[in-house]
Asker: 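To start, I am sharing the structure in question, which I have written as structure tokens.
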Amino acid sequence: MSNPVVTRFAPSPTGFLHIGGARTALFNWLYARGRGGKFLLRIEDTDRERSTPEATAAILQGMEWLGLDHDGDVISQFDGAARHAQVAHQLLGERKAYKCFATQDEIAAFRDQAKSEGKSTLYRSPWRDAETASHPDSPYVIRIKAPQSGVTIINDQVQGDVTIRNEQLDDMILLRSDGTPVYMLAVVVDDHDMGVTHVIRGDDHLNNAARQMTIYQAMGWDVPVWAHIPLIHGPDGKKLSKRHGALGAQEYQAMGYAAAGMRNYLARLGWSHGDDEFFSDAQALDWFDLDGIGKSPARFDTKKLENLSGQHIAASDDAALRHEIQAYLVSAQQPSLTDAQLENLEKAMYCLKERSRTFPDLLEKAQFALVSRPIQPDQKAAKALATVSDGILSELTPQLQNVSWSRDDLETLLNSFAEAHDTKFGKLAGPLRAALAGRAVTPSVFDMMLILGRDETMARLTDAAG
RNA sequence: GGCCCGUUCGUCUAUCGGUUAGGACGCCAGGUUUUCAACCUGGAAAGACGAGUUCGAUUCUCGUACGGGCUGCCA
């Protein structure tokens with residue numbers, strides 16, 4: 001516990017925050033926060049063509065929804081371009097890097113031919129050992145001199161020791177011909193400068209780690225702890241990507257999943273702590289560790305997300321739920337609730353939260369508390385109402401006038417009323433529910449009566465009896 | 001093509017050589033209930049394949065198959 005942990009999430013702003021990125025962010029957040037370390041956010045926007053401020057905003061919003069707060073300012077990788085270039089030039093000066101004058105056309109032609117001959121497409125620049133005197137006066141890129149023999153071992157906390165033979169490594173480009181840094185350089189410099197101690201990222205970067213290590217070594221910097229986590233696949237097992245049905249984090253918010261449920265689900269995807277399935281943030285923070293991360297890719301399962309979301313809704317306190325529902329409404333572009341509706345919702349929350357999996361689900365069951373008379377029954381409710389004669393409802397209503405408005409007394413009254421009509425309360429419940437809520441799926445009839453109060457209950461029953 | 005990684009119920013996973021291979025979601029069947037929802041109980045359901053190491057392999061090694069990733073003056 002000598003050095004404090006510093007992790008980072010480094011998305012490129014070329015689209016929304018998709019679910020795989022969200023999980024990577026969560027793992028980094030969990031690891032740092034669970035150990036009193038720092039969690040940094042860096043936007044990898046060195047690709048000016050594809051980076052957009054909208055994408056950055058979407059990523060930030062997604063993280064905010066998930067409650068993944070970062071330390072310090074959001075860092076723009078592009079802002080560090082001068083420093084990245086400086087490192088490249090330092091390496092150049094130390095002859096650990098060189099100017100390569102090969103044109104993109106030349107390289108492309110080489111690759112095409114290598115491919116057609118079935119040979120390695122690894123490009124070997126002829127300029128690696130060229131004399132400075134022979135340099136033409138034309139644009140060049142700066143490439144690093146990668147080791148060409150021996151091996152590089154990536155000591156990965158998830159993948160184990162991964163050995164790459166150095167002959168597989170190419171002299172990657174550090175600085176483009178326009179002088180701008182390339183990602184491979186920028187990540188290393190930034191991670192080093194930011195003091196990142198643990199790099200937790202998708203395993204699509206596993207091979208890159210070996211190449212990045214050559215930069216660390218050339219600069220004489222300490223290599224961070226690597227943890228390459230397996231990617232998340234779609235329901236069909238294919239890679240989850242923006243063009244392959246992947247949804248942004250915000251879309252899950254708009255679908256009404258509880259953020260805590262999403263965190264729990266995502267944490268459980270690819271990571272485990274024994275048989276624990278449902279857990280709080282505090283527990284996740286306490287338990288999360290790199291050795292609990294699995295090595296095989298996982299598929300995204302909406303059903304389980306739904307289940308976990310429901311469990312977290314049931315476990316949340318009412319005020320927090322109210323706030324999250326309001327945020328959900330905004331994100332789903334639904335009209336917001338009035339103060340009166342909010343008040344009723346909160347009164348009803350105790351019997352709504354344990355039966356709802358998502359917020360739209362909860363709101364649907366809360367209809368009885370949100371609508372005002374006259375109530376328009378939906379199809380199923382209308383059908384339920386049709387099964388009972390209006391006479392019964394109008395006979396029941398006056399009896400509610402003097403009963404004490406408590407659950408026990410209402411139960412006693414309704415049961416004996418049913419008995420008097422030679423039926424069971426169960427037969428009455430459907431129509432009653434329909435009259436009170438205009439819906440077929442609602443909380444208990446008694447809960448609704450208690451929440452609505454005597455006057456409103458009687459009025460609704462009278463309305464329904466026509 | 002080359003290199004790297006992976007493979008336990010439909011899905012997420014536990015197991016760190018010896019288990020009736022456990023849990024969760026989903027599914028099916030019952031139950032309870034205010035014919036919904038929620039809840040409870042039970043059930044079906046897995047070690048890709050082939051060798052090897054070992055007294056003993058899901059667990060270790062190798063091969064095959066399948067899946068994934070990387071192979072850019074993208075990140």
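In what follows, chains are A, B, ... by sequence order, proteins preceding strands, each numbered from 1.
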Asker: Counting side-chain heavy atoms from C-beta on, which of B/G26, B/G6, B/A14 comes nearest to A/Asp275?
Answerer: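 Per side-chain heavy atoms of A/Asp275, the pick is B/A14.
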
Asker: Side chain of A/Ser296 only, heavy atoms from C-beta on: which candidate in B/U8, B/C5, B/C25 is closest?
Answerer: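 When the side chain of A/Ser296 is considered, B/U8 is the closest of B/U8, B/C5, B/C25.
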
Asker: For a quick check of understanding: with a heavy-atom distance under 4.0 Å over all strands, which category does A/Ala440 fall into, base, sugar-phosphate or nothing?
Answerer: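 The answer is base, as A/Ala440 lies within the cut-off (heavy atoms under 4.0 Å) of a base atom.
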
Asker: Taking a pair as Watson-Crick or G-U wobble with both distances under 3.5 Å, which nucleotide is matched to B/G30?
Answerer: B/C40

Asker: Measure from NZ on A/Lys295 to P on B/C4 and round the result to the nearest Å.
Answerer: 14 Å

Asker: Tell me, with the steps shown, if A/Ser356 and A/Asp361 meet side chain to side chain donor-acceptor pair (under 3.5 Å).
Answerer: CA-CA 6 Å; A/Ser356 308; A/Asp361 183 17; 4.6 Å; no

Asker: So, are A/Arg460 and A/Asp463 salt-bridged, with charged N and O less than 4.0 Å apart?
Answerer: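 Looking at A/Asp463 together with A/Arg460, the answer is no, because their closest N to O distance does not fall below 4.0 Å.
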
Asker: For A/Ser272, answer base if it contacts any base atom (sugar-phosphate contacts may also be present), sugar-phosphate if it contacts only those atoms, and nothing otherwise; contact means non-hydrogen atoms under 4.0 Å.
Answerer: sugar-phosphate

Asker: Between P on B/C70 and CG on A/Asn208, what's the gap in Å once rounded to a whole number?
Answerer: 8 Å

Asker: From the list B/G6, B/G23, B/A75, which nucleotide is the closest neighbour of the side chain of A/Tyr183?
Answerer: B/A75

Asker: Are the aromatic rings of A/Phe39 and A/Phe9 close, with centres under 6.0 Å apart?
Answerer: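 Ring centroids of A/Phe39 and A/Phe9 are no less than 6.0 Å from each other.
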
Asker: Please determine, for the side chain of A/Val182, which listed nucleotide (B/G26, B/C73, B/C5) has the closest atom?
Answerer: B/C73

Asker: Just checking, any donor-acceptor pair under 3.5 angstrom between side chains of A/Tyr265 and A/Asp301?
Answerer: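 No.
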
Asker: Roughly, in whole Å, what's the span from CD in A/Gln168 to C1' in B/C3?
Answerer: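 These atoms are roughly 5 Å apart.
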
